[in-house]
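Working notes for the structure below.
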Amino acid sequence: MIRKFKPADTISTAQVWYRSGKDEYTYLPMFQALDEDEALTVFKSLILQHCEIWVYQSQSEICGFLAMQGSYIDRLYVDPAQHRKGVGVALLKHAMQLSPDGLQLHTHQQNHRARKFYEKSGFAAVKFGVSPAPESVPDVEYHWHGQNNTG
């Protein structure tokens, strides 16, 4: 079930972000150096303060989350133990329902799993660049043109 984030979800949602990042971001030494407490602090200051968040909950466990700023997907993370179980697809469909006229996002060029996921879901790469500091790694901007648009 997807539902709106509640303050009581903070620790478990931050842990999903932390575990997912540790699993995927082997090319980001700065992320790999984070411990759980630091990740919680970053989650609270960068994600929680600037985004609307929805969580995917299975029974009492948070399995993934979607963080948005308007039509921009700031974060979409799934706990590595829940990969390939439909959590990411459900969260992305939720984002599409929230913003049926279109969505935008950035991901790292090296994040091949995410890139394949978004491209399979109808997103198109529109610009290649470099993510802002402190990461400063090659990234790609994706757009989805909405349910009723063809361009």
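When a residue number appears, it is its place in the shown sequence, counting from 1. Only heavy atoms go into these numbers, but all of them, side chains included; no hydrogens, no water, no symmetry mates.
Between the CG atom in L48 and the OG1 atom in T13 there is a gap of 9.0 Å [rounded to 0.5 Å]. Distance check: L103 CG to H145 NE2 gives 11.0 Å after rounding to the nearest 0.5 Å. In this structure, CG on D79 lies 9.0 Å from CG on D23, to the nearest 0.5 angstrom.
In this structure, L91 and Y77 have side chains that are not in contact, with every pair of non-hydrogen atoms separated by 4.5 Å or more. You'll find the side chain of Q59 stays beyond 4.5 Å of the side chain of E61, heavy atoms only. Looking at Q57 and C63, their side chains never come closer than 4.5 Å, going by heavy atoms from C-beta outward. Annotation: side chain of N111 is in contact with side chain of Y27 (closest heavy-atom distance under 4.5 Å). Side chains of I47 and I53 form a contact here, defined as non-hydrogen atoms less than 4.5 Å apart. With contacts defined as side-chain heavy-atom distances shorter than 4.5 Å, the pair C51/M68 does not qualify.
Evaluation of the salt bridge (Lys or Arg N to Asp or Glu O under 4.0 Å) test over residues 29-56, restricted to residues two or more places apart or in two chains, returns K4-E52.
Side chains of T26 and Q32: a donor-acceptor N/O pair is absent below 3.5 angstrom, by distance only.
In this view, H94 and W54 satisfy the ring-ring contact (aromatic ring centres under 6.0 Å, His included) rule, not counting sequence neighbours. Qualifying ring-ring contact (aromatic ring centres under 6.0 Å, His included) partners for H112, counting only residues two or more places apart in sequence or in other chains: none.
Clustering ILVMFWY residues whenever any of their side-chain heavy atoms sit less than 4.5 angstrom apart, transitively, puts F5 in a cluster other than the one holding L66. In terms of hydrophobic clustering, with Ile, Leu, Val, Met, Phe, Trp and Tyr side chains grouped at heavy-atom distances under 4.5 Å, M30 and V137 are assigned to different clusters. F31 and L76 fall into different hydrophobic clusters, defined by Ile, Leu, Val, Met, Phe, Trp and Tyr side-chain heavy atoms under 4.5 Å apart, directly or through other members.
Here the shortest heavy-atom pairing between V16 and G64 reads CG1-CA, 4.0 Å. The two residues K22 and A33 come nearest to each other via the heavy atoms NZ-N, 4.1 Å. The two residues I73 and L92 come nearest to each other via the heavy atoms CD1-CD1, 3.7 Å.
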So R115 and V140, side chain to side chain contact (heavy atoms under 4.5 Å, CB included) or not? Walk me through it. CA-CA 9 Å; R115 293 183 64 190; V140 57; 3.8 Å; yes

Assess whether side-chain hydrogen bond (donor to acceptor under 3.5 Å, both in side chains) is satisfied between E24 and H108, documenting all intermediate values. CA-CA 11 Å; E24 179 60 42; H108 301 114; over 6 Å; no

Could you go through Y72 and H106, starting from their C-alpha distance and side-chain angles, then the distance that decides it, and tell me whether this counts as side chain to side chain contact (heavy atoms under 4.5 Å, CB included)? CA-CA 9 Å; Y72 184 79; H106 286 83; 2.8 Å; yes

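In this pair, F43 and W17 present their aromatic rings tilted. The plane angle is within the 30 to 60° band.
Listed by chain and number, the hydrophobic cluster partners of I11 are L40, where partners are ILVMFWY side chains within reach of under 4.5 Å, directly or through others.
A donor-acceptor contact shorter than 3.5 Å is absent between the side chain of S99 and the backbone of M96. With hydrogens and angles disregarded, a donor-acceptor distance shorter than 3.5 Å links the side chain of S45 to the backbone of T41.
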Below 3.5 Å, can you tabulate the donor-acceptor pairs from side chains in residues 116-130 to any protein atom, sequence neighbours excluded?
from : atom 1 : to   : atom 2 : distance (Å)
E119 : OE2    : Y142 : OH     : 2.5
S121 : OG     : F117 : O      : 2.9

Can you give me every donor-acceptor pair (side chain of residues 81-88, partner residue at least two apart or in another chain, under 3.5 Å) with its distance?
from : atom 1 : to   : atom 2 : distance (Å)
H83  : ND1    : R113 : NH1    : 2.9
H83  : NE2    : V78  : O      : 3.3
K85  : NZ     : A81  : O      : 3.3

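None of T107, L28, D139 except one satisfies the side-chain contact (heavy atoms from CB on, under 4.5 Å) rule with S131; the exception is D139.
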